[in-house]
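So the structure is just underneath, and the comments pick up after that.
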Amino acid sequence: MIRKSGIAVVVSVLVCLLILSGSVACKKAEKAAPVQPVAEKETNAIKEGVNDIAGTVKSALGKYFYVGQLPGFDIATDGPVEGGDASALLGKEVKVKAAFNREKPSLLVAQGIEIKEGEAQFKSVYTKADAAAPADFFFQKDRPDFAEIKIADIAKSADWEGKGKAKAFGKLIAAADGKPTAISVLDDKGKETAKIVIDSMTEYASYCLKKLRLFDTTWFYFNIKDSVDPKLRAKAKEVFHAEVIFAGLY
């Protein structure tokens with residue numbers, strides 16, 4: 001019969017073996033998954049205040065640009081970028097210092113921009129520490145202020161008059177030189193019901209449309225202006241004039 005002292009020895013040996021095997025497993029895990037540098041982990045992690053951003057510019061127009069590694073955010077400049085405007089950054093690898101304010105979600109205001117030149121060299125092309133948010137930026141929290149309008153009958157001006165702000169689903173109509181002239185308003189079956197004359201379009205709206213270039217149709221957000229004369233509506237199905245301020249997929 002095995003004595004208690006013998007059982008104690010066996011248990012002690014087993015415990016030691018378990019501890020040793022655990023230590024070996026931990027060492028293997030450390031070799032297989034090296035610790036990532038803190039700086040790399042924190043890249044593009046947006047926080048209140050000034051952020052360091054790195055990536056490639058995928059879309060740009062005027063004072064706005066978009067970095068592919070930072071989905072959900074637009075970056076705005078407040079002044080010229082070396083070589084022109086933000087369009088000069090298109091396709092380039094950049095490092096950006098940008099300010100984030102929680103009251104203005106989805107927008108970052110650039111305070112400094114560097115573009116990659118060579119293997120490990122970056123060149124400063126923009127610096128403005130006191131840059132302000134652009135006045136024409138459309139904040140997502142304002143979407144509910146723009147109710148959808150449906151135009152079933154171009155003669156019924158009550159569908160749009162007095163509403164001030166609205167949105168409509170449709171397709172952009174542009175002139176031969178690319179200048180936007182109207183919105184072709186579409187119903188649920190894709191049939192045109194009316195046209196909205198574009199008097200003006202903010203730079204941010206133009207930038208949004210450029211980002212959405214792969215889509216034939218989109219939602220247009222606009223400020224409603226004067227109605228087209230009732231006698232002229234039937235000619236081209238144009239119903240009112242508008243200032244387009246945003247375009248999106250919903």
Sequence neighbours left out, what passes side-chain contact (heavy atoms from CB on, under 4.5 Å) with Glu103? Give chain and number order. Asn101
Going by the ring-ring contact (aromatic ring centres under 6.0 Å, His included) test, which pairs reach into residues 111-135, not counting sequence neighbours? none
Which atom pairs, one a donor and one an acceptor, fall under 3.5 Å between side chains of residues 236-250 and the rest of the protein, sequence neighbours left out?
| residue | atom | partner | partner atom | Å |
| --- | --- | --- | --- | --- |
| Lys237 | NZ | Glu192 | O | 3.1 |
| His241 | ND1 | Asp199 | OD1 | 2.8 |
| His241 | ND1 | Asp199 | OD2 | 3.4 |
| Glu243 | OE1 | Asn223 | ND2 | 2.9 |

Taking only residues at least two apart or on different chains, which pairs with a member in residues 170-180 satisfy salt bridge (Lys or Arg N to Asp or Glu O under 4.0 Å)? none
Among pairs that include at least one residue of residues 171-214, which meet ring-ring contact (aromatic ring centres under 6.0 Å, His included), considering only residues two or more places apart or in two chains? Tyr64-Tyr204, Tyr64-Tyr207, Phe137-Tyr204, Tyr204-Tyr207
Residues which pass side-chain contact (heavy atoms from CB on, under 4.5 Å) with Ala168, listed by chain and number, not counting sequence neighbours: Ile149, Val185, Ile196, Phe222
Which atom pairs, donor and acceptor, lie under 3.5 Å between side-chain atoms of residues 89-96 and protein residues at least two apart or in another chain?
none

Enumerate the residue pairs fulfilling salt bridge (Lys or Arg N to Asp or Glu O under 4.0 Å) with a member in residues 118-141, sequence neighbours excluded, ordered by first and then second residue. Lys63-Asp136, Asp78-Lys128, Glu82-Lys123
For Ala133, side-chain contact (heavy atoms from CB on, under 4.5 Å) partners two or more places apart: Lys104, Leu107, Val109
Connected-component partners of Val50 among ILVMFWY, side-chain separation under 4.5 Å: none
Can you list everything that forms a salt bridge (Lys or Arg N to Asp or Glu O under 4.0 Å) with Asp159? Sequence neighbours excluded, please. none
Which residue pairs satisfy the ring-ring contact (aromatic ring centres under 6.0 Å, His included) criterion with at least one member in residues 87-115, sequence neighbours excluded? Phe73-Phe100
